[in-house]
Number of protein chains: 2
Amino acid sequence: MTRQHSENQDLFAIADLAKEFGISTRAIRFYEAKGLLSPERVGATRVFRRRDRARLILILRGKRLGFSLRDISDYLSLYDADRSQQVHLLVGKVEERLASLERQRDDLETTIAELKEIRELAVAPPTRSRSQAG
Amino acid sequence: MTRQHSENQDLFAIADLAKEFGISTRAIRFYEAKGLLSPERVGATRVFRRRDRARLILILRGKRLGFSLRDISDYLSLYDADRSQQVHLLVGKVEERLASLERQRDDLETTIAELKEIRELAVAPPTRSRSQAG
DNA sequence: CAACGGTTTGACGTTAACGTAAGCTCGTGG
DNA sequence: CCACGAGCTTACGTTAACGTCAAACCGTTG
């Protein structure tokens, strides 16, 4: 299959997305079961559009950042809050998540800095002081 | 207990560390079982020193960054490679992890930027264009 | 027509990271 | 003396995030 008509740049089969993002179809169905995706159906077959594809990208990025699907679900709701929620409530949640992410960024910066230091130490000659007996 | 003599700033009971870092003693024992910690023993009782406490800090930071204990274990070995490993091999691993972390940082920056944009959009008045019907 | 590839819905298996409970040992204090 | 709290080990329970069949339903292609 894989979009044979060249017409539909907007419709994706489950296998298309699976291949594109290097995940299993099972995973995609699982995300739907958890409410992170909601593809349309043609008969029983799932049909994905751009919106779902975009959400999938966010899901995978969330996973790379170490978040649970539960977290990611909350996170996605920030994106499609089409003013369906009270604005101040939305802003509150965004602020929360931003704080968490910025903390994570600090952790990350610290870790990167430490690793770079380790790298330097590894390359540089040892400091030659009580280096024996361990 | 909790270091009654004021003398030993260097010895910690399992409960001390658990309380200090807000985790369970079970978790600490689990980390030991996985080889991430190796406290000394007095009889059967675990006795932790600064080194283990430092490792615990790294473990928890790794967890906040979303890494598995397996990953963290590899990561810790970078810290205590006392030239026990071949230097170039060490540097290789450090580079690897750095690359991964910097990718994660990019994801993070992207996400933070997007959230800030959402925040602005939420605060700003809607763009008033085909905003009805839903 | 019959086989084949792709898809669907169950349903059970698996791994990670602990939680929780049971049963035993110590050292201490009323 | 005996209860109590702290620690230990062993072992089973739990949740998340899928993996892995199994059985059945298309659509089409040789």
Side-chain angles (χ1 to χ4, degrees), chain A residues 1-5 7-8 11-49 52-53 55-76 100, chain B residues 1-5 8 11-49 52-53 55-76:
Chain A
M1 222 171 270
T2 61
R3 66 203 143 82
Q4 43 193 343
H5 278 77
E7 187 66 60
N8 43 357
L11 301 180
F12 308 91
I14 190 169
D16 295 340
L17 294 182
K19 180 177 294 185
E20 176 174 2
F21 296 110
I23 61 181
S24 68
T25 59
R26 176 71 178 91
I28 294 179
R29 292 194 197 95
F30 186 76
Y31 299 153
E32 179 186 0
K34 290 295 175 176
L36 305 193
L37 297 175
S38 38
E40 296 169 35
R41 298 289 182 125
V42 172
T45 303
R46 279 164 253 254
V47 175
F48 299 80
R49 291 182 178 268
D52 292 298
R53 188 171 165 283
R55 290 175 73 93
L56 190 47
I57 291 177
L58 293 179
I59 292 172
L60 297 179
R61 197 167 71 198
K63 295 207 62 177
R64 287 198 302 274
L65 290 177
F67 293 120
S68 68
L69 293 186
R70 185 79 171 75
D71 284 341
I72 295 174
S73 176
D74 296 351
Y75 178 72
L76 284 175
S100 154
Chain B
M1 219 170 271
T2 61
R3 70 202 141 80
Q4 43 195 339
H5 279 80
N8 42 356
L11 301 179
F12 308 91
I14 191 170
D16 295 340
L17 294 182
K19 181 175 295 185
E20 177 175 2
F21 296 110
I23 60 181
S24 68
T25 59
R26 175 69 176 94
I28 295 178
R29 291 195 198 96
F30 187 76
Y31 298 153
E32 180 185 1
K34 291 294 175 176
L36 305 194
L37 297 176
S38 39
E40 297 169 35
R41 298 287 183 130
V42 173
T45 303
R46 278 164 254 256
V47 175
F48 299 80
R49 291 183 179 267
D52 293 298
R53 188 171 165 284
R55 290 175 74 93
L56 190 47
I57 291 176
L58 293 179
I59 292 172
L60 297 179
R61 197 167 70 198
K63 295 209 60 176
R64 288 198 302 273
L65 290 177
F67 293 120
S68 68
L69 293 186
R70 185 79 171 74
D71 284 341
I72 295 174
S73 176
D74 296 350
Y75 179 72
L76 284 174

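Convention: sequence-line order gives letters A, B, ...; per-chain numbering from 1.
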OP1 or OP2 of D/dC8 under 4.0 Å from side-chain N/O of B/Arg29: yes
A/Ile28 CD1 - D/dC18 C1' separation (whole Å): 13 Å
Rounded distance in Å - CG (B/Asp71) to P (C/dT15): 17 Å
Nucleotide nearest A/Ser68 when distance is taken to its side chain, options C/dT7, D/dA17, C/dA17: D/dA17
Nearest-Å distance for atom pair NZ/P, residues A/Lys34 and D/dC18: 10 Å
Rounded interatomic separation in angstrom, taking CZ from B/Arg26 and P from C/dT20: 11 Å
C/dT8 OP1/OP2 closer than 4.0 Å to side-chain N/O of A/Arg46: yes
Interatomic distance where CD belongs to B/Glu32 and P belongs to C/dA17 [whole Å]: 17 Å
Smallest separation among heavy atoms of B/Leu37 and B/Leu56, with atom names: CD2-N, 4.2 Å
OP1 or OP2 of C/dT9 under 4.0 Å from side-chain N/O of A/Arg41: yes
Donor-acceptor contact present, side-chain A/Arg53 to main-chain A/Phe48, <3.5 Å: no
Atom of A/Arg46, atom of A/Pro39 and distance for their closest heavy-atom approach: CG-CG, 3.7 Å
Distance below 4.0 Å between A/Ser24 side-chain N/O and D/dG19 OP1 or OP2: yes
N or O in side chain of A/Lys63 less than 4.0 angstrom from D/dA17 OP1/OP2: no
Shortest non-hydrogen contact between B/Lys63 and B/Tyr31, atoms and distance: CD-OH, 3.6 Å
Atom-to-atom span, CZ of B/Arg70 to P of C/dA16 - whole angstrom: 9 Å
Presence of A/Tyr31 side-chain N/O under 4.0 Å of D/dA17 phosphate oxygens OP1/OP2: no
Atom pair distance, as rounded to whole Å: CG in B/Leu37 and P in C/dC18: 12 Å
From A/Leu76, A/Ile28, A/Ile23, residue fulfilling side-chain contact (heavy atoms from CB on, under 4.5 Å) relative to A/Ile59: A/Leu76
Proximal nucleotide (of D/dA17, C/dA17, D/dG7) relative to the A/Phe30 side chain: D/dA17
Integer-rounded Å distance: C/dG6 C1' and A/Leu11 CG: 17 Å
